*Asks:* 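Mind having a look at this structure? Questions to follow.
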Amino acid sequence: MKNNWDLIDLKVLCAVAHRSSFTAAASDLGISVAYVTKRVAHLEQVLGTSMFLRTTRRVHITAQGEIVYSWARRVLDAAEEMDQEVVQSRLSPVGTLRLSTSLRLGRVHISHILALLRRQYPQLDIWLELVDRRVDLIAEGFDMDIRVGNIQEPHLIAQRIAASPRILCASPSYIEERGQPKTLAELPLYDCLMFRDRGQSFDVLHMVGPNGQETIKVTGSMGSNQGDVVRDWAVHGLGITLLSRWDLAPLLRDGQLKRVLPQYEQPADIFAVMPTRSSYSAKLQICLEFLRQQLASGPYALDSYMD
């Protein structure tokens, strides 16, 4: 089979698949609905299969269309990267950056740092998605996921951009009422406020202390997948929690929280995770280095205060 299709055919296909509408796709691309229909018909003729099922209200992609869509995204991504590498120097990145990260890290730090990045490189188009789950970078079309903790997927490239240990803490009122555990083995005897980051276990803590790495199973009657919720519960004296030091630093500084078992930490470094195809991108490397610098010493850097 000869590849008698053009990149515009693939762009139109992806736009229709994304919007489930010929009219919306035409509006997004700045072309007529008639031209969208023509390009889809041409692609269907060349490939010998239907891409979409049309109804009066909606357009549904077919199983064959899903296959073509998957490959079309790869071809278009490769074409965009080629254009960037050939036309633009490393000092002037252009194109689209699609990033994802967790909710609190994204709101407090990453979103502001990306605003500074966009101000410095005005030809970048940036999309940031804040989620409370582990994204599938390839299937969902993200260029980079900014994650806390170890990376499990062997097909992804991970680069550390910041050190970020988690620490145990509780409010002064809770400590006064219940006292403090003297050893890690005593921790299950206390009320533990359970936090689960994306893809993490609620109740099994992997800590590093004087004896190296230790694992302890804890229990608690309150838990959340939102770090700020768990942090507020700790401030209200409801138990001991384990959260990132940068997230707890302001509360440690003003005395609303106190360290518990300060000889223990849980490694929770921040990584930029990318598909292999994206790791060589000039614009991603610039973004990665910018994030690394800003998280270390910029106006929205991680707070490293230690009480």
Side-chain angles (χ1 to χ4, degrees), residues 100-111 129-135 145-152 160-175 177-178 180-181 184-209 213-271 273 295 302-307:
S100 58
T101 191
S102 56
L103 299 175
R104 184 157 181 79
L105 181 62
R107 285 197 302 264
V108 179
H109 296 279
I110 303 301
S111 62
E129 195 151 323
L130 306 184
V131 296
D132 59 0
R133 59 181 176 82
R134 184 61 53 87
V135 300
D145 186 33
I146 302 167
R147 299 183 183 179
V148 176
N150 294 329
I151 310 305
Q152 306 296 329
R160 192 178 80 160
I161 56 176
S164 174
R166 291 191 179 115
I167 57 176
L168 293 160
C169 68
S171 70
S173 62
Y174 182 84
I175 294 172
E177 177 186 353
R178 294 290 307 276
Q180 295 197 49
L184 191 65
E186 295 179 5
L187 189 60
L189 302 176
Y190 291 77
D191 303 303
C192 291
L193 303 170
M194 316 306 293
F195 166 63
R196 182 185 65 190
D197 196 8
R198 300 185 299 168
Q200 303 295 318
S201 171
F202 263 108
D203 57 356
V204 178
L205 306 183
H206 303 281
M207 308 298 294
V208 175
Q213 182 167 316
E214 299 181 52
T215 299
I216 187 77
K217 185 176 178 62
V218 295
T219 59
S221 59
M222 300 185 73
S224 175
N225 67 336
Q226 300 299 314
D228 50 352
V229 171
V230 177
R231 185 194 57 187
D232 290 344
W233 287 342
V235 170
H236 284 96
L238 296 174
I240 298 172
T241 192
L242 176 73
L243 291 172
S244 294
R245 188 174 69 191
W246 60 263
D247 201 11
L248 299 171
L251 301 174
L252 293 169
R253 186 180 289 107
D254 65 17
Q256 293 188 66
L257 292 175
K258 297 292 184 182
R259 289 285 299 272
V260 172
L261 294 172
Q263 68 272 35
Y264 285 94
E265 291 184 344
Q266 182 185 86
D269 292 342
I270 299 175
F271 290 87
V273 186
L295 286 172
L302 300 178
D303 194 333
S304 60
Y305 173 81
M306 291 288 287
D307 65 341

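Keep in mind the model is a prediction, meaning the values are calculated, not measured.
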*Asks:* Between Ser244 and Asp247, is there a donor-acceptor pair closer than 3.5 Å when you use the side chain of the first and the backbone of the second?
*Replies:* no
*Asks:* Output all residues satisfying side-chain contact (heavy atoms from CB on, under 4.5 Å) with Glu214, sequence neighbours left out; order by chain, then residue number.
*Replies:* Leu184, Asn211, Tyr264
*Asks:* To the nearest 0.5 Å, what is the distance between CG (Leu302) and CG (Leu105)?
*Replies:* 7.0 Å
*Asks:* Taking Ser224 for the side chain and Gln226 for the main chain, is one N or O donor matched with an acceptor at less than 3.5 Å?
*Replies:* yes
*Asks:* Nearest 0.5 angstrom please: Arg147 CZ to Arg134 CZ, how far?
*Replies:* 4.0 Å
*Asks:* Is the closest side-chain heavy-atom distance between Pro181 and Leu261 below 4.5 Å?
*Replies:* yes
*Asks:* Minimum heavy-atom separation for Asn225 and Phe195, please, with both atom names.
*Replies:* O-CE1, 3.5 Å
*Asks:* Taking all non-hydrogen atoms of both residues, which atom of Ala185 and which atom of Ile216 are closest, and how far apart?
*Replies:* CA-CD1, 4.1 Å
*Asks:* Tyr190 side chain to Gln180 main-chain N or O, any donor-acceptor pair under 3.5 Å?
*Replies:* yes
*Asks:* Testing the basics here: between Pro172 and Gln256, what is the closest heavy-atom pair and its distance to 0.1 Å?
*Replies:* CD-O, 3.2 Å
*Asks:* Run the side chain to side chain contact (heavy atoms under 4.5 Å, CB included) check on Leu252 and Ile167 step by step: do they pass?
*Replies:* CA-CA 11 Å; Leu252 293 169; Ile167 57 176; 3.7 Å; yes
*Asks:* Would you check if the side chain of Thr215 reaches a backbone N or O of His206 as a donor-acceptor pair within less than 3.5 Å?
*Replies:* no
*Asks:* Got a sec, which pairs hit salt bridge (Lys or Arg N to Asp or Glu O under 4.0 Å) with one end in residues 184-195, sequence neighbours left out?
*Replies:* Arg178-Asp191
*Asks:* Which atom names give the shortest non-hydrogen contact between Leu248 and Cys169, and what distance separates them?
*Replies:* CD1-SG, 3.5 Å
*Asks:* Would you give the length of the straight line joining atom CE of Met207 to atom CD of Gln263, rounded to the nearest 0.5 angstrom?
*Replies:* 9.0 Å
*Asks:* Which atoms form the tightest heavy-atom contact between Asp145 and Ser100, and what is the distance?
*Replies:* OD1-OG, 2.7 Å
*Asks:* Would you give the length of the straight line joining atom CD of Glu129 to atom CG of Leu103, rounded to the nearest 0.5 angstrom?
*Replies:* 10.5 Å
*Asks:* Could you tell me whether the side chain of Leu168 reaches within less than 4.5 Å of the side chain of Leu187, counting heavy atoms only?
*Replies:* yes
*Asks:* Nearest 0.5 Å, please: how far is CD1 in Ile240 from NZ in Lys258?
*Replies:* 15.0 Å
*Asks:* For the residue pair Trp246 and Ser164, confirm or rule out a side-chain donor-acceptor distance under 3.5 Å.
*Replies:* yes
*Asks:* Between Ser102 and Leu130, what is the shortest heavy-atom contact and its length?
*Replies:* O-CD2, 3.9 Å
*Asks:* Rounded at 0.5 Å granularity, tell me how far OG1 in Thr101 sits from CD1 in Ile110.
*Replies:* 5.5 Å
